[in-house]
There are 2 protein chains.
Amino acid sequence: MNNFGYVLDMKNYSIQRESILKTVQGTHSHPTAEWVFSKVKKTLPNVSLGTVYRNLGLLADNGKIQAIHFDGVIHYDGTMENHQHFYCIECKTIIDIHIPNKSFVSEVEQKTNHIIANSHVHMNGICKSCKSK
Amino acid sequence: MNNFGYVLDMKNYSIQRESILKTVQGTHSHPTAEWVFSKVKKTLPNVSLGTVYRNLGLLADNGKIQAIHFDGVIHYDGTMENHQHFYCIECKTIIDIHIPNKSFVSEVEQKTNHIIANSHVHMNGICKSCKSK
DNA sequence: TCATATTTAGGAATGATTCCTATTTTTATT
DNA sequence: AATAAAAATAGGAATCATTCCTAAATATGA
Ligand SMILES: [Mn+2]
Ligand SMILES: [Mn+2]
Ligand SMILES: [Zn+2]
Ligand SMILES: [Zn+2]
C-alpha cells in the first residue's frame, strides 16, 4: 500500500487524516471509502477522494483501523478487537460477532506449523430479524 | 449474478462450460478467471474472456465450484468441501486448511439466532516452509 | 528565514468485472 | 429434414472501485 519515496511516521495527523480516522471510529457500519468521503466532506468540503483512500490505507497499515474485503470492495472497521462478521443476504447488513475462536486458530497453527498473523471469519446467511418475517 | 431474460438450467454444458469446469476442478491453485481463460484457450483458442467470467459465475451460483474473494479479486475453488484458507504473505500462496470448525459456526448460530448458510475462514501469516528460512 | 519533507486536491490511469449485441449453436416441434 | 424458439458465445465497450500522478500547499526544523 505505502508507495511513497520516503518514510511515513504517522505521528503528525493532518486535519484530513484526523477526520478520516474519527469518522471510521465513530461508526459500527463498516463504511467504504466513498461513505467516509461523504462524511468528511461535511466538515472539510475540499477534501479529495484520493486523500480519503490514501489515509484509510495508511491507517490500516499502521494498525489504527481494519480493512475488510467484502464482495470485492474494501470496508473499514474502527475497532481493532478481533471479531467476526456476519453478512445478511436479505437486508445486506454486516453484523459484528464477538465470539472468540482463538482455540480454532491455535489448533490450526499447531497442526499446520504455519504462523497465523491474523484471521477473519466471514459468515453469510439470514439475520435474526429477517428470519422472523 | 444471473442477469439474463430467460431461464438457465445448467443441464446441458457447452464445450466451453465443460472445459471451464474441468479446469477449475483440475487444480488446487485457486485460480482467477484470467488464469482459467489462459488454460482453456489452449484447447479452445477462440474462447472469450467474457464467456469464462459468465460460466465461472454460473458454476459458482449452481454449487459446482466455490468463489472466494481474495484481496479484491475472485478466486475459484474446485472442491465444494468446506475448508479454510491460509494465505502466506511471504510466498503469496493460498493453502487449503482442512480442519473442521463446525462447532464454532453452530455456537454462533445458537448464540446469535442468525441462520448461517455458509462461512469462510481466511488466515494470513507465514507458511511452514517460509518460516524455516 | 530558507531548505526540505510531507501532504493535499484534483484528475488521469488502471484493472478486474460486468454488460451489450450480433452471430452461432443447440433444442424442440412439425 | 426444415423451421422456429431458446440458449450460449465472441468480442468489445462500459463500469467502477481503487491507485497513480503531479503541481501546489503546508508543515518541520536547522
Ligand atoms: Mn466489525
Ligand atoms: Mn481451497
Ligand atoms: Zn437481515
Ligand atoms: Zn510461504
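Order of the sequence lines sets the chain letters (A, B, ...), proteins ahead of strands, with each chain counted from 1.
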A67(B): which residues meet the side-chain contact (heavy atoms from CB on, under 4.5 Å) condition with it, sequence neighbours left out? A60(B), I74(B), Y76(B)
Candidate list D96(A), I65(A), V24(A), test side chain to side chain contact (heavy atoms under 4.5 Å, CB included), partner D77(A), passing option: D96(A)
What is the distance from CD of E34(B) to P of dG15(C), rounded to the nearest Å? 11 Å
Rounded to whole angstroms, how far apart are CG on N55(A) and P on dT18(D)? 15 Å
Identify, residue by residue, the members of residues 68-78 of chain A with a heavy atom below 4.0 Å from DNA chain D, and return them in order of residue number, or none. V73(A), I74(A)
Are there any protein N/O atoms within less than 3.5 Å of an N/O atom in nucleotides 11-14 of chain D, and if so, which ones and at what distance?
unit_1  : atom_1 : unit_2 : atom_2 : d
dG11(D) : OP2    : N46(B) : O      : 3.4

Find the distance R17(B):CZ to dA8(D):P and express it as a whole number of Å. 5 Å
Classify the ring geometry of H114(A) against F86(B): parallel below 30°, tilted from 30° to 60°, perpendicular beyond 60°. parallel
Side-chain atoms of residues 36-48 of chain A: list all donor-acceptor pairs with protein atoms under 3.5 Å, sequence neighbours left out, distances to 0.1 Å.
unit_1 : atom_1 : unit_2 : atom_2 : d
S38(A) : OG     : W35(A) : O      : 2.9
T43(A) : OG1    : V40(A) : O      : 3.3
S48(A) : OG     : T51(A) : N      : 3.3
S48(A) : OG     : T51(A) : OG1    : 3.0

According to a strict under-4.0 Å criterion, is Q16(A) in side-chain N/O contact with OP1 or OP2 of dA9(C)? yes
Are there over 12 heavy-atom neighbours, none belonging to H28(B), within less than 6.0 Å of that residue's NE2? no
Can you give me every donor-acceptor pair (side chain of residues 126-133 of chain A, partner residue at least two apart or in another chain, under 3.5 Å) with its distance?
unit_1  : atom_1 : unit_2  : atom_2 : d
K131(A) : NZ     : N113(B) : O      : 2.9
S132(A) : OG     : S129(A) : O      : 3.2

Can you confirm if the aromatic rings of F70(A) and H30(A) lie within a centre distance of less than 6.0 Å? no
Side chain to side chain donor-acceptor pair (under 3.5 Å) filter on N118(B), not counting sequence neighbours, yields N124(A)
Separation of dT8(C) atom C1' from L56(A) atom CG, nearest Å, is 15 Å
In whole Å, I'd like the distance from the CG atom of L44(A) to the P atom of dT7(C). 16 Å
Can you tell me how far C1' of dT18(D) sits from CG of L58(A), to the nearest Å? 14 Å
For F37(B) and dG15(C), give me the distance from atom CZ to atom P, rounded to whole Å. 17 Å
Just how far is it from atom CD1 of I99(B) to atom CD of E109(A), taken to the nearest 0.5 Å? 11.0 Å
Report yes if at least one side-chain N or O of R54(A) is closer than 4.0 Å to OP1 or OP2 of dT8(C); otherwise report no. yes
Looking only at dA9(C), dT18(D), dT9(D), the nucleotide nearest the Y53(A) side chain is dT18(D)
